[in-house]
Amino acid sequence: ADLDVIRLELEEFIPHVKNISDISIRKMAGRDLARFRKFKKQGIAVKFGRFTQKENKQIQKNIEEFLSVTGIESAEKLLFSHRYPEEKRTIQRLKTKHQFCEKLSEGIPRPWRLIYYRARKIYDPNNYKGKYSEEEKQKLLRYQATHGNDWKKISEMMARSNQSLARKYSQIKSAINSGPWSKEEVQKLLHAVEKVMKKRIEETETKFIPSSETSSKHLLIEREKLYQNLPWAEIETQVGTRQWRQCKQKWLTILRTKMNKGKKVFRGKEGLQMKINLIKRLYELEVEDANDINWTEVCSAIGDFPSAYVQAKFYKLKVSCVPLWRRKTFS
DNA sequence: ACACCTCTTTCACATACTAT
DNA sequence: ATAGTATGTGAAAGAGGTGT
C-alpha cells in the first residue's frame with residue numbers, strides 16, 4: 001500500500017512509472033522523490049534519455065568539487081574504490097561523511113542512480129578503448145568459457161568495461177549468416193515480429209478490457225509500437241540464423257518500404273525537398289542539444305517513417321554536407 | 001534502510017562496403 | 001548519390017543483487 005502511494009507521487013515526474021518494478025520504485029522513493037520535488041519548485045522537469053553536454057559538464061564539476069573537499073586523489077579512486085583495496089574503507093567513510101550521493105547529483109534533474117552510472121562511464125579508464133583486436137576476441141571467448149558471465153572478473157583481466165565485454169561476447173559467441181536475406185529468413189522474421197506483436201496486444205487488452213469480447217479481428221496498432229521497444233532477443237532466437245541487430249535493421253527496412261508504399265522518398269527532386277523539410281523542421285525546434293530532439297515529432301512533421309530511419313538520414317546529411325561537423329555544436 | 005554495485009536488453013551514433 | 005547491409009562502440013534503463 002505504501003508503495004502504491006509512492007508510485008502515485010512518482011507518476012508526476014516519471015510518466016511511465018507503471019511499468020517499473022516495485023524494487024526499483026522502492027529505490028527511487030528515498031532520495032529521488034525529494035529531489036524531484038525540489039526541482040519542480042524551480043520549474044525544472046525530470047529528464048530522460050541521453051545526457052546533454054551541459055549535464056556532463058555539471059557531473060564533472062560535481063566530481064571535482066567532491067574530490068577537493070574530501071582530498072581523494074582521483075575520480076577513479078572515488079568511483080572504483082574496489083580497485084584500491086587498502087584505501088577502500090577510508091574512501092567509503094569519506095563518501096558517507098560528505099554525502100557523496102547528494103553532491104554528485106546536484107543540479108541534475110534525474111534519478112540518482114542514473115547520474116551515478118553516467119559518472120562511472122565518464123571516468124572509467126577501461127571505457128573508450130576502441131576496436132577489439134583479434135587477440136582480444138579470442139581471449140574474451142576463452143575467458144568466458146572458463147569464468148562464465150562474470151564480466152567484472154573478465155573486465156579486470158582485459159582492461160575493458162563490463163558492459164563492453166558482455167555485449168561483445170554476445171556478438172561473437174556464435175556464427176551467423178550475413179549478406180542479403182533469403183526468402184525463408186524474411187518469412188521467419190515476419191512471423192516472429194507478428195508473434196510478439198500479437199502477444200503484446202493480448203497483454204494490453206487483458207489489462208485494460210477484462211471482458212474477452214474484444215477479439216475482433218482488426219488489429220490496430222499504434223505506429224510507434226511497430227518499431228519501438230520490441231523484444232529483439234526473443235526475435236533473434238526465433239529467426240535463428242541472424243543476430244538481433246540484423247533482424248532489427250531488416251525489419252526497419254521492410255517497415256519503411258511499406259509505410260512509403262515502396263517509393264524512394266529521398267531520391268531526386270522530391271528527395272531534395274524532403275531534406276529541406278527535415279532541416280527546416282529541426283531548425284524550428286530551437287533545441288540547444290542534439291539529445292533534446294524529439295524524433296517522433298520531427299518524423300510525423302515531414303512524412304511517415306520509423307524515427308530511426310530519419311535519424312540515420314540526418315546523420316548522413318550532416319556528415320556529408322557540414323565541414324568540420326565534429327567540432328560544431330548542434331545549435 | 002540505505003549506499004553502492006553488476007548483469008542484461010535495447011537504443012543511438014558512427015562508419016564502411018556494395019549494388020544500383 | 002542512394003539504398004541496403006553489416007558492424008564498430010557508447011549509452012540508457014531495466015532487474016536484481018551485496019554489505020553495513
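For the numbers below, each heavy atom of this structure counts, side chains included, while hydrogens, waters and symmetry mates do not. Letters A, B, ... are given to chains in the order of the sequence lines, protein chains preceding strands, and every chain is numbered from 1.
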* Please work out if A:Arg118 contacts a base, only the sugar-phosphate, or nothing of the nucleic acid, heavy-atom cut-off 4.0 Å. => sugar-phosphate
* To do: Could you tell me whether the phosphate oxygens of B:dT6, OP1 or OP2, come under 4.0 Å of any side-chain nitrogen or oxygen in A:Lys153?
  => no
* Just compare B:dT10, C:dT7, B:dC13 and give me whichever is closest to any side-chain atom of A:Arg50. => B:dC13
* With the side chain of A:Lys152 defined as its heavy atoms from C-beta on, choose the nearest nucleotide among C:dA3, B:dT6, B:dT9. => B:dT6
* Asked: Between A:Trp232 and B:dC11, is there a side-chain N or O to OP1/OP2 distance below 4.0 Å?
  -> yes
* **Distance in angstrom units between A:Asp32 CG and B:dC4 P, rounded** => 13 Å
* Asked: Does B:dT8 have OP1 or OP2 sitting under 4.0 Å from an N or O in the side chain of A:Trp151?
  -> yes
* Sugar-phosphate, base or nothing in reach of A:Gly271, heavy atoms under 4.0 Å -> nothing
* What integer distance in Å separates A:Leu140:CG from C:dG8:P? -> 12 Å
* Nearest-angstrom distance from the residue atom CG of A:Asn149 to C1' of B:dT6 -> 12 Å
* Are OP1 or OP2 of C:dA6 and a side-chain N or O of A:Arg245 less than 4.0 angstrom apart? -> no
* Just by distance, do the side chain of A:Asp32 and the backbone of A:Pro111 share a donor-acceptor pair under 3.5 Å? -> no
* Phosphate contact (C:dA6 OP1 or OP2) by A:Trp181 side-chain N/O below 4.0 Å -> yes
* Taking only N and O in the side chain of A:Gln246, is any of them less than 4.0 Å away from OP1 or OP2 of C:dA6? -> yes
* Asked: Reckon A:Arg120 has a side-chain N or O less than 4.0 Å from the OP1 or OP2 of B:dT6?
  -> yes
* Take A:Asn56 and A:Arg113, find for each the nucleotide of DNA chain C with the closest heavy atom, and name the residue whose nucleotide sits nearer the 5' end. => A:Asn56
* **Separation of B:dC11 P from A:Leu226 CG (nearest whole Å)** => 13 Å
* Could you work out which one of B:dA12, C:dG4, B:dC7 sits closest to the side chain of A:Gln311? => B:dA12
* Structure fact -> A:Ile254 atom CD1 is separated from C:dG4 atom P, nearest whole Å, by 11 Å
* Asked: Does the ring of A:Phe66 carry A:Lys103 above it, NZ/CZ under 6.0 angstrom from centre and within 45° of its axis?
  -> no
* Asked: Does A:Ser170 place a side-chain N or O at less than 4.0 Å from the phosphate oxygens OP1/OP2 of B:dT8?
  -> no
* Rounded distance (Å) that lies between atom C1' of B:dT8 and atom CG of A:Asn229 -> 14 Å
* To do: Classify the nucleic acid contact of A:Lys88 as base, sugar-phosphate or nothing, counting any heavy atom under 4.0 Å across all strands shown.
  => nothing
* To do: Please state whether the phosphate of C:dT9, meaning OP1 or OP2, lies under 4.0 angstrom from any side-chain nitrogen or oxygen of A:Lys168.
  => yes
* Asked: Quick one: is B:dC11 close enough that its OP1 or OP2 comes under 4.0 Å of any side-chain N or O from A:Lys248?
  -> yes
* Please work out if A:Arg242 contacts a base, only the sugar-phosphate, or nothing of the nucleic acid, heavy-atom cut-off 4.0 Å. => sugar-phosphate
* Asked: Would you say A:Gln171 reaches C:dG8's phosphate, i.e. side-chain N/O to OP1/OP2 under 4.0 Å?
  -> yes
* May I ask you to verify if any side-chain N or O of A:Lys316 is less than 4.0 angstrom from the OP1 or OP2 atom of C:dA3? => no
* Asked: Which whole-number value in Å describes the distance from A:Leu165 CG to B:dT9 P?
  -> 16 Å
* Structure fact -> Among C:dG4, B:dC4, B:dT6, the one nearest any side-chain atom of A:Phe100 is B:dC4
* Asked: Is a donor-acceptor pair below 3.5 Å formed from side chain A:Gln163 to base C:dA12, judging by atom type as modelled?
  -> yes
* Crowded around A:Gln228 CD? As in, over 12 foreign heavy atoms under 6.0 Å? -> yes
* Nucleotide nearest A:Asn162 (side chain, heavy atoms from C-beta), chosen from B:dT10, C:dA6, B:dC7 -> B:dC7
* Considering only heavy atoms and no angle criterion, is a donor-acceptor pair shorter than 3.5 Å present between the side chain of A:Lys250 and the base of C:dA6? -> no
* To do: Report which part of the nucleic acid A:Pro111 touches: base, sugar-phosphate, or nothing (heavy-atom distance under 4.0 Å, all strands).
  => nothing
* To do: Return the orientation label for the A:Phe80 and A:His82 ring planes: parallel under 30°, perpendicular over 60°, tilted otherwise.
  => perpendicular
* Could you work out which one of C:dT5, B:dA14, C:dA13 sits closest to the side chain of A:Lys318? => B:dA14
* To do: May I ask you to verify if any side-chain N or O of A:Lys121 is less than 4.0 angstrom from the OP1 or OP2 atom of C:dA11?
  => no
* Does a distance-only test, which skips hydrogens and angles, find a donor-acceptor pair under 3.5 Å between the side chain of A:Tyr117 and the base of C:dA15? -> yes
* NA contact type, A:Lys275, heavy-atom cut-off 4.0 Å: base, sugar-phosphate, or nothing? -> sugar-phosphate
* Base, sugar-phosphate, or nothing: which does A:Lys47 touch, judged by heavy atoms less than 4.0 Å apart? -> nothing
* Asked: Has A:Arg120 got its NZ or CZ under 6.0 Å from the middle of the six-membered ring of A:Tyr117, at an angle within 45 degrees of the ring axis?
  -> no
* More than 12 heavy atoms of other groups within 6.0 Å of A:Glu270 CD -> no
* Asked: Going only through I, L, V, M, F, W and Y residues with side-chain contacts under 4.5 Å, is there a path from A:Ile172 to A:Ile154?
  -> yes
* To do: Using atom NZ of A:Lys313 as one end and atom P of B:dC13 as the other, report the distance to the nearest whole Å.
  => 16 Å
* Are any of A:Arg167's side-chain N or O atoms less than 4.0 Å away from OP1 or OP2 of C:dG8? -> no
* No-hydrogen, no-angle side-chain donor-acceptor test under 3.5 Å, A:Gln60 and A:Asn56 -> no
